[in-house]
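Structure, as C-alpha cells:
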Amino acid sequence: MKSIKVFAPATVANLSCGFDVLGCCLEGVGDEMVISLSDTPGIRITKLEGANLPMEADKNVASVAVMHQLKALNDTTTGIEIEIYKKIKAGSGIGSSAASSAGAVWAVNELLGNPFTPAQLVPFAMEGERLASGNAHADNVAPALLGGFTLVRSYEPFDVLKLNTPKDLYMTIIHPQIEVKTSDSRKVVKPNVTLKNAITQWGNVGGLVAGLYTEDYDLIGRSLSDVIIEPLRSILIPKFEEVKKASIESGALGAGISGSGPSIFALSKGKETATKVAESMKTIYESTGIVFDIHVAPINEDGVRII
Ligand code: ADP
C-alpha cells in the first residue's frame with residue numbers, strides 16, 4: 001500500500017481588508033494526515049485523533065474534497081484511506097476544515113502522480129469548505145495549497161494567485177477557546193456595502209498587495225484595515241478592541257480577526273516584535289478567565305508538504 005504523511009497547515013483568511021479573497025499560510029501550526037492508496041475502491045476516514053469530528057466519508061471535509069477530485073478524473077476504481085491527526089480545533093478561525101480538505105487533495109494528487117497543479121486543486125478543497133460552512137470560499141484552502149500569501153482575483157471564473165512574502169513577517173495568533181462557527185459569523189455580515197466603505201476597502205486591498213511586493217512594512221501596516229466586516233464581527237470576540245490596540249502598541253504592523261474568528265491575528269516585522277505582541281495579548285486574555293492558545297509563526301511559503 002502506497003502511503004504518505006503530510007503537514008496540513010493552519011491559515012489566516014481575510015487579512016483584515018480582503019474578505020473571502022486574501023489569506024496566508026502559517027509554519028509550525030497545523031494538522032498531520034496520513035493518506036494511503038488502497039485496493040478497495042472508495043474513500044474512507046480510517047482514523048481521526050485530536051477532535052470529535054465526523055468519520056463518515058460524506059460528512060468529513062477531507063473525504064468530500066477527495067470525492068470531487070476523483071470525480072474530475074472520472075476515477076471510480078481508486079481506493080483512498082485517510083488518517084487525520086487534528087491539532088487545529090474546528091471553529092478556531094485558523095482554517096481547521098481547510099487544512100483537512102487541502103491536506104487530503106494535495107496528498108492524493110501526489111499519490112496519483114500529480115495530475116493537477118496546486119492551483120487546480122483549490123476548487124476541490126473548496127468543496128470541503130462548502131460542507132463546513134455552506135459557502136465554497138477559497139481564502140483558507142488557497143494559501144494552504146499554494147503557500148505564502150494568496151489572492152483570489154475572481155471566483156467566476158476561478159482565478160487564484162500567489163503573492164510575494166516579505167522575509168521578515170511573523171504572525172501572532174491568539175485563539176480564545178470559545179467556538180464561533182463560520183456559518184454563524186457569516187450571518188452577521190450584511191449583503192450590501194456603501195460606496196464610501198467599498199472605496200476605503202479596495203484602496204487597502206491594493207495597498208496590502210503592493211506592500212507585500214515592495215516589502216514595504218509600513219504600507220502593509222497602514223493597509224491592514226477593515227471597515228466592512230470587522231465592525232460587525234468583532235462584537236462576537238471578547239476583548240477584541242483591547243487586543244488589537246495592545247498589539248499595535250507593542251509594535252505590530254496591524255491586527256484583525258483571523259478568518260471568521262474568534263482567533264485574532266497580528267502581523268509584525270521580526271520574531272522579537274511578534275513575541276512581544278504575544279505577551280501583550282496574553283496579559284489581556286489572562287484577565288478574562290477564557291482558556292486560550294497563542295502561536296507565534298513565520299509564514300509558510302510551501303503550503304501542504306510531505307513530512
Ligand atoms: P474553521 O474555520 O476552523 O475551519 P469551521 O467552523 O469553518 O471552522 O469548520 C468546522 C466545521 O467543519 C465543523 O462543523 C466540523 O464538524 C466540520 N468538519 C468536517 N470535517 C472536518 C475536518 N476534517 N476538520 C475540521 N472540521 C471538519
Side-chain angles (χ1 to χ4, degrees), residues 6-15 19-20 22-26 29-35 43-69 80-108 122 124-145 171 173-189 229 233 236-237 256-265 292-293 295 297 304:
V6 296
F7 172 65
T11 44
V12 173
N14 301 343
L15 297 169
F19 182 62
D20 272 5
L22 286 172
C24 97
C25 189
L26 302 186
V29 191
D31 298 339
E32 289 176 7
M33 303 175 80
V34 176
I35 316 284
I43 303 156
R44 292 168 292 280
I45 307 286
T46 51
K47 211 176 225 185
L48 210 167
E49 286 180 8
N52 185 15
L53 290 166
M55 285 188 74
E56 298 95 322
D58 60 340
K59 295 204 178 84
N60 196 293
V61 300
S63 32
V64 166
V66 174
M67 274 174 207
H68 283 85
Q69 182 181 16
I80 302 287
E81 298 193 343
I82 302 173
E83 296 175 22
I84 306 174
Y85 300 91
K86 273 271 156 208
K87 305 219 168 108
I88 316 171
K89 295 192 180 67
S92 57
I94 52 170
S96 168
S97 48
S100 291
S101 307
V105 296
W106 190 92
V108 167
V122 175
F124 307 132
M126 285 164 68
E127 292 301 327
E129 295 294 71
R130 190 194 302 283
L131 175 72
S133 69
N135 177 283
H137 56 106
D139 49 352
N140 287 110
V141 292
L145 284 163
M171 192 68 91
I173 302 269
I174 179 163
H175 170 215
Q177 294 195 9
I178 49 166
E179 192 170 349
V180 177
K181 280 204 188 300
T182 302
S183 49
D184 289 340
S185 61
R186 276 191 178 261
K187 282 183 204 145
V188 304
V189 174
I229 313 292
R233 277 190 172 165
L236 301 172
I237 305 169
I257 304 171
S258 176
S260 56
S263 290
I264 304 168
F265 80 91
F292 61 91
D293 301 316
H295 308 283
V304 184

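Each ligand, and each atom within it, is numbered from 1 in the order the structure gives. Count residues from 1 along the sequence.
- Heavy atoms of S260 stay at 4.0 angstrom or farther from ligand 1.
- The shortest separation from a heavy atom of S92 to ligand 1 is under 4.0 Å, placing the residue in contact.
- When only modelled atom types and interatomic distance are considered, D139 and H137 share a side-chain donor-acceptor pair under 3.5 Å.
- Among the atoms of A132, none of the N or O lies under 3.5 angstrom from an N or O of ligand 1.
- Selection from I88, N135, V61 by nearest heavy atom to atom 21 (C) of ligand 1 gives V61.
- A distance of 10.5 Å separates CD1 of I45 from CG of D58, quoted to the nearest 0.5 Å.
- Heavy-atom contacts of K86 reach the following atoms of ligand 1: 24 (N), 25 (C) (cutoff under 4.0 Å).
- Geometrically, ligand 1 and G91 share a nitrogen or oxygen pair separated by less than 3.5 Å.
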For this session: Could you walk me through whether N140 and E129 pass the side chain to side chain contact (heavy atoms under 4.5 Å, CB included) test, one step at a time?
Result: CA-CA 9 Å; N140 287 110; E129 295 294 71; 4.0 Å; yes

Before giving the answer on side chain to side chain contact (heavy atoms under 4.5 Å, CB included), spell out for I35 and V108 the whole-Å C-alpha distance, their side-chain angles and the decisive distance to 0.1 Å.
CA-CA 7 Å; I35 316 284; V108 167; 3.8 Å; yes

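- On a distance-only criterion, S96 and ligand 1 share at least one N/O pair closer than 3.5 Å.
- Taking each heavy atom of P9 and C25 in turn, the nearest pair found is CG-SG, 3.4 Å.
- Note that the CG atom of L26 and the NE2 atom of H295 stand 8.5 Å from one another [nearest 0.5 Å].
- The closest approach between any non-hydrogen atom of K59 and ligand 1 is below 4.0 Å.
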